[in-house]
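Keep in mind the model is a prediction, meaning the values are calculated, not measured.
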Amino acid sequence: MSRDHVQPAERPTTEGATGVSEGSAEAPYLELLARDASVEAYEQPVLLARAEGQPADRIAALERAKLVALRVRSELEGRRRREAELSALFETAHDLAGLRDLDAVLQAIVQRARSLLGTDIAYLSLNDPARGDTYMRVTEGSVSARFQQLRLGMGEGLGGLVAQTARPYVTDDYFQDGRFQHTLTIDAGVRDEGLVAILGVPLMLGPHVIGVLFAADRRARVFEREQIALLGSFAALAAAAIDTANLLTETRAALAGLEHANEIIRDRSAVIERASDVHDRLAELVLRGGGVHDVAAAVSQVLDGTVEFTEAGTAPAESLEASRAEGHAVRHGGDWIAAVTAGGELLGALVLRGHPGLDPVDQRTLERAAMVTSLLLLARRSASEAEQRVRGELLDDLLDARDRDPRLLRERAARLHADLEATHVVLATRLDGPAADADEEAAARRRLWSAASHLAATRQGLAAARDGGTVLLLPLAAGDTATDVARRTARHLGTAVHQPVTVGASAPVTDLATHPDTVAAAYAEGRRCLDALHLLGRDGDGAAAEDFGFLGLLLAGERDIGGFVDRTIGPVVAYDARRGTELLRTLDAYFACGLSPARTKDALHVHVNTVAQRLERVGRLLGEDWQSPARALEIQLALRLHRLAAPVRH
């Protein structure tokens with residue numbers, strides 16, 4: 001019952017609303033109750049009646065009325081106290097419901113507990129599982145810094161006893177109480193704060209004690225059962241607040257984790273989408289026949305960098321070997337290197353330039369591109385080998401003259417982009433470098449075959465392995481000679497296989513589809529030139545029959561006498577024909593007279609100066625070395641052949 005509900009004792013009528021007259025024994029006490037007077041004021045009506053000498057029955061009635069009034073006052077005081085307690089608990093619960101700041105809620109709980117219990121100080125400690133002790137979390141009314149910073153070991157002090165037993169404990173005189181473990185640290189803090197009477201109740205979450213709520217006085221005091229229960233109620237609310245805050249913290253952490261996970265998922269989704277884009281691009285490249293450089297260009301766009309395909313010999317050896325061994329792209333300075341391998345064979349590398357910070361998924365993209373590159377290289381190699389076999393089979397047929405159907409030969413050649421109607425040169429090639437053993441020699445022959453096949457494919461010709469070497473059928477370009485083709489081929493193949501390659505060429509051949517047997521004859525001529533080069537010590541060189549002078553007549557498949565005469569003394573023959581001179585007749589006489597100008601002038605019946613002038617002209621036409629033994633022999637043979645070929649004069 002609140003004070004507003006107590007009716008005043010003064011009434012203008014003889015009998016008030018309560019039915020109690022002004023002269024009754026209860027009247028003064030009702031007035032005291034209405035005024036919420038102190039306990040001492042309730043003695044005044046009895047003392048006044050005795051002083052006035054009122055009858056004993058009147059005094060006895062006042063004594064009885066006093067006792068009833070004191071009980072009513074006590075009941076009213078208890079109700080007001082419980083109302084204040086309930087109001088404080090309600091406000092605390094309201095704070096808890098709108099929890100935003102845990103420290104603010106705990107501070108409010110400690111303040112209200114101190115106020116309602118009327119203690120000098122109230123404080124709250126929490127357990128620290130990580131350190132295995134308990135610490136002061138909130139204090140209200142404390143004046144000692146040491147006390148506010150106390151940390152208590154589990155089981156120490158009054159709080160340790162509460163935490164250990166999960167029951168409230170109260171001491172009227174802390175330093176005289178032997179029920180709990182005293183320590184120098186705790187006792188020093190309590191002494192600094194001047195505490196004597198302490199009440200502690202546990203903060204419980206389920207069966208677990210998470211801390212202790214205290215109320216304490218700096219004088220001896222007995223805490224009533226209702227006060228212990230009230231502090232327990234505050235402790236329950238504090239535990240709920242801590243639990244709610246922990247749940248909120250966990251929820252916020254979970255939400256933050258979910259947000260982070262969502263960011264990761266978004267990032268991964270973007271990465272997966274990019275990887276899918278790479279997959280689609282690479283698949284499209286493979287399907288439309290793209291090459292390794294197309295793959296590098298596509299990956300460059302996706303990774304926003306420069307990706308290049310390099311041969312195995314040009315990539316950093318250590319990083320390339322590490323990538324090959326691990327099967328992953330490896331970092332090399334500011335670059336990334338992914339080995340391109342197939343079946344243990346190192347085919348090259350994809351190099352990502354200037355991109356040191358590479359996402360793991362992008363790294364996987366580079367590795368996938370390296371795998372696609374190896375597949376393209378293998379496919380290209382397989383196609384090349386198949387084409388090489390087909391080219392070799394066609395040339396074998398031409399050499400062996402097994403298939404003489406011109407139409408079929410032309411169709412087969414057309415599928416290989418070769419034109420059998422064009423003028424060709426047949427080339428016989430052979431390795432001339434020393435080989436350590438049979439395995440090395442076989443490997444060298446395979447390299448020669450591969451290089452010759454590649455050359456034939458790029459020159460729209462044919463190649464086949466034969467007689468320990470290779471044979472090529474290459475078209476003769478305008479302005480080229482068989483010698484030019486032979487020497488160029490020797491240089492190209494020697495560079496490709498890293499050792500000398502000797503090449504013998506035939507004279508130009510034509511109309512191969514109609515006359516395929518000419519290929520075999522031309523190959524035999526090329527073989528003879530090859531042997532001649534070896535005998536002359538010209539290993540690693542290339543030549544045709546026309547390069548061997550009169551020996552070429554023996555090497556050539558068809559005796560090109562006119563060609564030999566023209567190459568040897570053609571300028572002199574032409575000069576005589578234009579000028580009507582007799583340089584040929586003078587040459588004949590000069591050789592017949594043993595290279596003596598004096599005898600030559602007698603044979604020709606001319607002056608010796610005329611002979612000298614004619615021989616000087618011959619030197620200008622044939623070259624200064626025309627009288628060397630080898631040139632002189634070729635010139636004499638050409639003179640005789642010219643004479644035999646000349647028409648008989650009548």
*Looking only at atom types and distance, does a side-chain atom of Thr458 sit under 3.5 Å from a main-chain N or O of Leu455, one as donor and one as acceptor?*
yes
*Tell me yes or no: between the side chains of Thr481 and Asp484, is some donor less than 3.5 Å from an acceptor?*
yes
*Hey, could you give me the CD/CG distance between Gln499 and Asp539, rounded to the nearest 0.5 Å?*
11.5 Å
*asked:* Do Leu126 and Leu203 make a side-chain contact, defined as non-hydrogen atoms from C-beta onward lying under 4.5 Å apart?
replied: yes
*Would you say the side chains of Thr423 and Thr510 form a donor-acceptor pair under 3.5 Å?*
no
*Is Thr244 reaching over with its side chain to a backbone N or O of Ala240, donor-acceptor style, under 3.5 angstrom?*
yes
*Thr429 (side chain) donor-acceptor with Gly469 (main chain) under 3.5 angstrom*: no
*Kindly compute the distance separating CG (Leu448) from CG (Leu431), expressed to the nearest 0.5 Å.*
4.5 Å
*asked:* I'd like to check Glu308 versus Arg353 (side-chain heavy atoms, cut-off strictly below 4.5 Å). Are they in contact?
replied: yes
*Nearest 0.5 Å, what's the CD1-CG distance between Ile210 and Leu205?*
4.0 Å
*Under the 3.5 angstrom rule, does the side chain of His424 hit a backbone N or O of Ala422 as a donor-acceptor pair?*
yes
*Should the pair Asp103-Arg137 be classified as a salt bridge under the 4.0 Å nitrogen-to-oxygen rule?*
yes
*Leu462 versus Leu472: any side-chain heavy-atom pair under 4.5 Å?*
no
*So do the side chains of Leu150 and Leu152 get within less than 4.5 Å of each other, counting heavy atoms only?*
yes
*Going from OH on Tyr135 to CG on Asn127, what distance comes out if it is rounded to the nearest 0.5 angstrom?*
9.0 Å
*asked:* For a 4.5 angstrom cut-off between non-hydrogen side-chain atoms, does Leu366 reach Val307?
replied: yes
*Can you check whether Ile635 reaches Leu622 side chain to side chain, under 4.5 Å on heavy atoms?*
yes
*Heavy atoms, side chains only, cut-off 4.5 Å: are Arg131 and Arg151 in contact?*
yes
*Do side-chain atoms of Asn262 reach the backbone of Leu258 as a donor and acceptor pair under 3.5 angstrom?*
yes
*More than 12 heavy atoms from other groups under 6.0 Å of CD on Glu263*: yes
_Heavy-atom donor-acceptor pair, Ser323 side chain to Val330 backbone, under 3.5 Å_ = no
*asked:* Would the distance check show the side chain of Thr139 and the main-chain N or O of Gln148 forming a donor-acceptor pair, the cut-off being under 3.5 Å?
replied: no
_Rounded to the nearest 0.5 Å, what separates atom CZ in Arg488 from atom CZ in Arg459?_
5.5 Å
